[in-house]
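What follows is one structure encoded as C-alpha cells, with my remarks underneath.
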Amino acid sequence: MTKTLKGIAASDGIAVAPAYLLVEPDLSFTKTTVSDVDSELTRYHEAISVSTEEVEKIRDSAKESLGEEEAQVFEAHLMILNDPEFTGAIENEIKEQKINSEAALDETAQKFITIFEGMTDNEYMQQRAADVRDVSKRIMAHLLGKELPNPASIDHEVVVVAHDLTPSDTAQLNKKFVKGFVTDIGGRTAHSAIMARSLELPAVVGTDSITKDVENGQILVVDGLNGDAVIEPTDEQVADYKVKSEAFLKQKAEWKKLKNEPSVTADGKQFIIAANIGTPNDMEGVNENGAEAIGLYRTEFLYMDSKDFPSEEDQFEAYKEVIEGMNGKQVVIRTMDIGGDKHLDYWDLPEEMNPFLGVRAIRLSLQNEEIFRTQLRALLRASAFGKLGIMFPMIGTLGELRKAKAILAEEKDKLVKNGVKVGEDLQVGMMIEVPAAAVIADQFAKEVDFFSIGTNDLIQYTMAADRGNDNVSYLYQPASPSVLRLIKHTIDAAHENGIWCGMCGEAAGDSTMFPILLSMGLDEYSMSATSILRIRSLMKKLNTEDIKELANTACFISETAEENEKLVDDLMKKFNN
C-alpha cells in the first residue's frame with residue numbers, strides 16, 4: 001500500500017528506485033550443544049564459503065568504484081577468511097566443545113581481538129582487531145541467515161535507506177547505482193546531507209520512521225525538492241513524479257547556460273560563487289557547475305577514507321590535484337576538522353560527554369602537533385602549484401590562532417631552507433564559527449588574510465542547539481536576528497581591516513539567506529556545487545541598491561527569523577514580477 005512520509009528536503013532532485021536498507025541486523029544468538037558435529041561443521045564451512053565469495057565481490061566492486069587503495073581493506077578480510085589459524089580454531093571449538101558455530105565463532109573471535117588489541121607496540125597488528133570484528137560479523141550474519149548491508153557492494157539502481165548515514169558511508173555511495181537516499185534522522189546541515197549535495201544525489205532526511213516503514217526492494221520515491229518519501233507509489237504517482245523530475249531537469253538546463261558567466265548582480269556588482277568539496281573526486285561537479293573558486297576543501301575526508309593517518313605524500317597529491325584542477329582560481333583548504341560527529345577508527349580519542357564542545361578541529365590539531373605539522377607541510381608544498389588559502393577551523397581565541405600560525409611559519413621556514421618551493425601568494429585565514437570569535441572579529445581581522453563564516457556551527461553554538469538533534473531542529477534558524485548580527489559584525493570587521501570575507505556554511509546557498517548576505521556585502525559565497533548555478537541566477541535578478549537596507553532591517557528591526565523569511569519572500573516577489 002502507498003505511504004508518504006514527510007521529511008526535510010536535503011538535496012534537490014527526484015529519484016525512483018527499489019529501497020536498499022543500510023541497517024544493521026540483529027546478530028544475537030543462543031549458545032547450544034550440537035549432537036551432529038559433522039552437520040554443524042558443514043554449516044560453518046558454507047558460511048565461510050559464502051562470506052568469501054561476498055567479500056571477493058565487494059573487493060572487485062570497490063576497486064572499480066573507489067580505487068585500489070580503498071579496496072585493500074577487503075584483501076585483509078579475505079586473508080582472515082583463508083587463515084587456517086583463525087578458521088581452524090573455530091572448527092576445533094565446534095569439535096571439542098560440541099557447541100554451535102555461532103558460539104564457537106564468537107568465542108574464537110573475541111580471543112583474537114583481545115590478542116591484537118593488546119599489541120600496543122605494533123599499530124598495524126592492533127588494527128587487525130577491527131578486521132576480525134568485521135569478518136566475524138559477516139560470518140555470523142550468514143550463520144543466522146541475516147543480510148549485512150554494505151554500500152560498496154551495491155551493483156544495481158537503488159535508493160539507500162538508513163537511520164542515519166555517516167560521512168564515510170556517504171562517501172562510499174556509487175552514483176552509478178545509488179540514485180538517492182532517505183533517513184530517519186538528520187537535517188540540511190547534517191554531513192550526510194552535505195555529501196548528498198556534493199554527489200548530486202536527491203535526499204530526504206528526518207522522516208522519523210523510514211527504516212521501519214519500508215522493506216528491501218520496495219519501490220521508493222525520493223522527492224528532494226519537497227521533502228517527501230513515497231513508499232510503493234501508484235503508477236499515476238510515478239508518472240507525476242516523472243513530469244516533476246523533467247521540469248526540474250529543464251530548470252537545471254536553463255541554469256546550466258550560466259556555467260561560464262560571471263557572478264554579477266543586476267546593477268553590475270561582481271562577487272565570487274565558490275564550491276565546497278570533500279575529496280578530489282568532487283572536482284567534476286565543481287567544473288560542471290562553473291565554480292569560480294573552492295571556498296572549502298574538507299580535508300577530514302582524507303583521514304576518514306583511510307585505514308591509517310594519510311601520509312604527507314598522499315595528502316600533498318590530493319591537495320595538488322585540486323589546486324591544479326582549478327587552473328589558477330583560488331582554493332581554500334581547511335585543516336582537518338576531526339571530532340564532534342567525525343571519528344576515525346584508527347585514532348583512539350577519549351570519550352567526551354559533549355564532543356561538539358570538546359577536543360575537535362584546531363583544538364585536536366594543536367594537541368597532536370606531529371599530525372598537524374604533517375598536514376601543513378603537505379599544504380605548503382601544494383601551494384606552489386596554484387593559488388592556495390590555508391584555513392584553520394574552530395578558532396576561539398587569539399592564542400589558538402597565533403599558535404597555529406607559528407607552527408605553519410616554522411614548517412614553511414624548514415621547507416624553504418631545504419629548497420622546497422612554496423607558493424608566493426599563499427593566504428592564511430580562519431573560520432568564524434565560534435560566537436566568541438565573531439564577537440571579536442575586529443581583532444582577528446588584523447592577523448589573517450581572510451575570514452570564512454561557517455554558519456552550520458555558528459548557528460549551532462549561538463542557539464545552543466545540536467544541529468543533529470531533531471528535537472531542537474526548530475532552533476536551527478539562519479535568519480535569526482541574533483545570528484545575522486554576528487554575521488554582519490564579522491563582514492564589517494573584515495572590510496574595515498582590508499581583508500575579504502566569505503561564507504562556506506550551508507546558508508551561503510540558501511535562497512532566503514542569499515539576498516540578506518548580498519546586502520551585507522559578503523565577498524564570497526561557497527556552497528555545494530549543485531547550488532551554484534541556482535544562486536548565480538538569483539544574483540542576476542538582484543539590484544544591490546534596491547536591497548541596501550535589507551541587512552539593517554533583518555538585523556536590527558526584525559524580531560524573529562520568521563519575520564526575516566517573510567521580508568525576503570515579499571522582496572523576491574517584486575523582483576520576480
Side-chain angles (χ1 to χ4, degrees), residues 7-17 20 22 65-66 151 154 157-162 165 167-183 186-205 220-229 241-242 244-260 273-292 294-298 301 305 322 325-326 504 506 508-511 525-538:
I8 298 167
S11 181
D12 290 343
I14 292 171
V16 183
Y20 178 94
L22 197 63
S65 61
L66 303 173
I154 296 171
E157 290 191 359
V158 298
V159 169
V160 169
V161 174
L165 282 170
S168 55
D169 283 337
T170 318
Q172 290 183 62
L173 301 182
N174 186 340
K175 278 180 63 177
K176 181 179 177 183
F177 301 120
V178 177
K179 298 304 174 184
F181 68 76
V182 186
T183 65
R188 277 191 59 83
T189 60
H191 288 286
S192 56
I194 293 169
M195 284 294 289
R197 290 191 285 278
S198 294
L199 293 167
E200 298 189 63
L201 292 175
V204 175
V205 300
L220 184 61
V221 174
V222 185
D223 183 350
L225 301 175
N226 290 340
D228 293 330
Y241 275 111
K242 184 178 179 181
K244 188 174 180 180
S245 178
E246 288 172 353
F248 175 66
L249 293 174
K250 185 177 179 181
Q251 175 65 79
K252 284 182 70 176
E254 285 298 310
W255 290 336
K256 207 75 174 174
K257 295 175 183 178
L258 301 176
K259 174 184 172 182
N260 297 315
I273 299 183
N276 297 336
I277 68 169
T279 75
N281 295 334
D282 296 335
M283 288 300 294
E284 181 181 352
V286 169
N287 292 319
E288 281 298 307
N289 288 283
E292 295 162 315
I294 299 289
L296 171 63
Y297 180 169
R298 301 182 181 92
F301 287 104
D305 293 342
V322 170
M326 288 304 287
C504 58
E506 289 304 300
D510 184 277
S511 298
Y525 304 77
S526 192
M527 60 198 69
S528 299
T530 52
S531 298
I532 290 173
L533 297 176
R534 171 174 55 81
I535 293 298
R536 186 170 292 157
S537 174
L538 176 56

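Counting begins at 1 with the first residue of the sequence. Values reported hereafter were calculated over all heavy atoms of this structure, with side chains retained and with hydrogens, waters and symmetry mates removed.
Listed by first and then second residue, the salt bridge (charged side-chain N to carboxylate O under 4.0 Å, His left out) pairs involving residues 527-537 are Glu292-Arg536 (not counting sequence neighbours).
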* Could you check Ile14 against Phe248 for side-chain contact (heavy atoms from CB on, under 4.5 Å), going step by step and ending with a plain yes or no? => CA-CA 9 Å; Ile14 292 171; Phe248 175 66; 5.6 Å; no

* Would you please test Val205 and Val182 for side-chain contact (heavy atoms from CB on, under 4.5 Å) and show each step? => CA-CA 5 Å; Val205 300; Val182 186; over 6 Å; no

* Go through Leu533 and Ser537 one step at a time and tell me if the side-chain contact (heavy atoms from CB on, under 4.5 Å) criterion holds. => CA-CA 6 Å; Leu533 297 176; Ser537 174; over 6 Å; no

* Asked: Stepwise, does the side-chain contact (heavy atoms from CB on, under 4.5 Å) test hold for Met326 with Val286?
  -> CA-CA 9 Å; Met326 288 304 287; Val286 169; 3.8 Å; yes

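The number of heavy atoms from other shown groups lying within 6.0 Å of NZ (Lys256) is above 12. No more than 12 heavy atoms of other residues, nucleotides or ligands sit less than 6.0 Å from atom CD of Glu284.
Distance check, rounded to the nearest 0.5 Å: CD1 of Ile273 to CG of Asn289 gives 11.0 Å. Between atom CD1 of residue Ile294 and atom SG of residue Cys504 there is a gap of 12.0 Å, rounded to the nearest 0.5 Å. Phe181 contributes atom CZ, which lies 12.5 Å from atom CG of Leu220 (distance to the nearest 0.5 angstrom). Atom CD in Glu200 sits 10.0 Å away from atom CG in Asp12 (nearest 0.5 Å). Here the straight-line distance linking atom OG1 of Thr530 with atom CD1 of Ile532 works out to 8.0 Å at 0.5 Å rounding. Within the model, atoms OH of Tyr525 and CG of Asp510 stand 13.0 Å from one another, a figure rounded to the nearest 0.5 Å.
Residues Pro280 and Tyr297 share a closest heavy-atom pair of CD-OH, 3.4 Å. Closest approach of Val158 to Ile154, counting heavy atoms only: CG2-CG2, 3.7 Å. Closest approach of Gly295 and Ala274 over heavy atoms only: N-CB, 3.5 Å. Across all non-hydrogen atoms, the minimal contact from Met527 to Ala508 is CE-O, 3.4 Å. Minimum heavy-atom separation, Lys175 to Lys179: O-NZ, 3.5 Å.
Contact check for Tyr241 versus Asp228: side-chain heavy atoms found under the 4.5 Å cut-off.
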